Asks: 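My structure is below; once you've seen it, I'll send some questions.
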2 protein chains.
Amino acid sequence: MAYLSYPATGEADPMRAESVTQPAAGGSFADIGAKTHSFGSHDVIFYEGDPAKRLYELAAGTVMLFKLLPDGRRQVVEVLRPGDIFGLAKSEEHESTAETLTEAQVHEIDLRRIEQSPGLQRKLTRCLMTQMQALHEHAVLLGRKSAVERVASFLMYLVPNRGGVGCFGPKDGAEDGFDLHLTMTRQEIADYLGLTIETVSRVFSDLKRRGIIRIDRADQIHLNKVCGLCQITGIH
Amino acid sequence: MAYLSYPATGEADPMRAESVTQPAAGGSFADIGAKTHSFGSHDVIFYEGDPAKRLYELAAGTVMLFKLLPDGRRQVVEVLRPGDIFGLAKSEEHESTAETLTEAQVHEIDLRRIEQSPGLQRKLTRCLMTQMQALHEHAVLLGRKSAVERVASFLMYLVPNRGGVGCFGPKDGAEDGFDLHLTMTRQEIADYLGLTIETVSRVFSDLKRRGIIRIDRADQIHLNKVCGLCQITGIH
């Protein structure tokens, strides 16, 4: 599965466990004849303002949702992982643009088909709950965290099974390093974290200088100590 | 209904129309034996970390959800209006604190009862979609808008039927003024908009100096020209 270049897929993330690892709880959206589409990296699935007729479930890869202000300022509002739902709209039009960050596979679902299945309705509710909680956490990041805390939180979000409630730290004697492959450019990270690209680059350099990360390539980061990084996310 | 001191109740807001004015589409949560609780102003309904067992629907009044960082920084993540749902949790614990801003009435619902009713499931899905869209808009505000744009957006949010998609401006010959009663203190507004209280106060003074608003009392604001205010929200 070469397209799963995001290290923290839903399966590996305890925070997302319910919506991803228990598809049997309500069946899979694919079971009701959802069409599956394959996308390349940085393909647009739909634009803000396009007619909203379908619901989408990310099956593999990573997708970002973003909104634009008329003068071009952009905010990435969600970074989606397998199991996440998108394309929901309260009106006739999509309220954000969906663009892949990696190769991706997407199930396209007819909302009416879901409404006919109580099991899938429950699954949909659980997915939405999980995503709303992530949006609340993102609001705290955008509204109250410093630039360093934002970048540290973003990097921790990519480390599976660490940093959340119930994280017990590294295994005894383990080195606690971690290799990350970034699927977002510095500009995309800036647009997600509510920062400028200059600030994101400066924070990466600061973290490197302080020995917290090693930058092997622009998109290849080694975390020298996961716990050390977590300590500066603002949640301790 | 003295407790409805928020001028923009769900009923008056076209952006929230679907979830509020069409309860018949899926029945009302109150129909399935939801208990109704009355709260005073600034009562806590539940704390972050409390056991999450129930779902709540705001029936009347205004409620805010907020999250705290360990050092006391606070972010208000949602300001809820009648028809909104809260208390959903993906884990066993509430991930935010719910506190009333005004006197409020709240329906307490058993999620399992909703799961037994396809109509209520659909209604729940629609409510969550609407709230997720509001969270996306809030992320744009927190991540990309200036202090003035944030305060202007907040004030416009309180003017019913104006500022959204499809707003046609004031009626011909109408004066386009509007009286607002604020139910949030300057500190609560700051915590919602990701600003300091000093910045919020400074922006209110600036708007007054520029003749865009008149401050009759700390919680009583007159908008001199709704369209003029809307022009500085960043969406034009």
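All chains are named by letter (A, B, ...) in the order of the sequence lines, taking the proteins before the strands, and each is independently numbered beginning at 1. None of the values given here were measured: they were computed from a predicted structure.
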Asks: Below 4.5 Å from any heavy atom of chain B, which atoms of A:Leu124 appear? Answer side chain, backbone, both or neither.
Replies: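 Only the side chain of A:Leu124 comes within 4.5 Å of chain B.
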Asks: When you check the gap from the basic side-chain N to the acidic O, do B:Arg162 and B:Asp176 get nearer than 4.0 Å?
Replies: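 A salt bridge links B:Arg162 with B:Asp176.
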Asks: Taking the basic N atoms (NZ, or NE/NH1/NH2) and the acidic carboxylate oxygens, is any pair closer than 4.0 Å for A:Arg210 and A:Asp206?
Replies: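 Salt bridge: no.
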Asks: Examine whether an atom of B:Ile85 lies under 4.5 Å from a heavy atom of chain A, and if so say whether it belongs to the side chain, the backbone or both; otherwise answer neither.
Replies: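 Interface part for B:Ile85: neither.
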Asks: Side chain, backbone, both or neither: which part of A:Leu65 has a non-hydrogen atom closer than 4.5 Å to chain B?
Replies: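 Answer is side chain: those atoms of A:Leu65 sit under 4.5 Å from chain B.
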Asks: In terms of ring plane angle, is the pair A:Phe86 and A:Tyr56 parallel, tilted or perpendicular, where the classes change at 30° and 60°?
Replies: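 Rings of A:Phe86 and A:Tyr56: parallel, under 30°.
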Asks: Grab the two heavy atoms, one from A:Pro82 and one from A:Gly61, that are nearest each other, plus how far apart they are.
Replies: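 The pair with the smallest heavy-atom distance is CD-O, 3.5 Å.
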Asks: Pick from A:Met132, A:Glu78, A:His136, A:Lys145: which one has the most heavy-atom pairs with chain B under 4.5 Å?
Replies: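 Heavy-atom pairs under 4.5 Å are most numerous for A:His136.
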Asks: By a 4.5 Å heavy-atom criterion (distance strictly below it), what part of B:Asp71 contacts chain A: side chain, backbone, both, or neither?
Replies: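 Neither part, no heavy atoms under 4.5 Å.
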Asks: Check whether A:Gln116 gets within reach of chain B through its side chain, its backbone, both or neither, counting any heavy atom under 4.5 Å.
Replies: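 For A:Gln116, no heavy atom lies under 4.5 Å from chain B.
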Asks: A:Gln75, A:Gln121, A:Arg144, A:Arg74: which one forms the most heavy-atom pairs within less than 4.5 Å of chain B?
Replies: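 Highest number of heavy-atom pairs under 4.5 Å: A:Arg144.
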Asks: Is there a donor-acceptor contact under 3.5 Å linking the side chains of B:Thr97 and B:Lys67?
Replies: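 Note: B:Thr97 and B:Lys67 side chains miss the donor-acceptor criterion.
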Asks: Going by atom types alone, do B:His138 and B:Gln133 pair a side-chain donor with an acceptor below 3.5 Å?
Replies: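 B:Gln133 and B:His138 do not have a side-chain donor-acceptor pair below 3.5 Å.
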Asks: Quick one: of B:Val76, B:Thr125, B:Ile114, who has the most non-hydrogen atom pairs under 4.5 Å with chain A?
Replies: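 Looking at each of B:Val76, B:Thr125, B:Ile114 in turn, B:Thr125 comes out on top.
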Asks: So for B:Glu93, is it side chain, backbone, both, or neither that comes closer than 4.5 Å to the heavy atoms of chain A?
Replies: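 Looking at B:Glu93, nothing touches chain A.
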Asks: Is the ring pair A:Phe154/A:Tyr192 parallel, tilted or perpendicular, if the boundaries are 30 and 60 degrees?
Replies: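 Correct class here is perpendicular.
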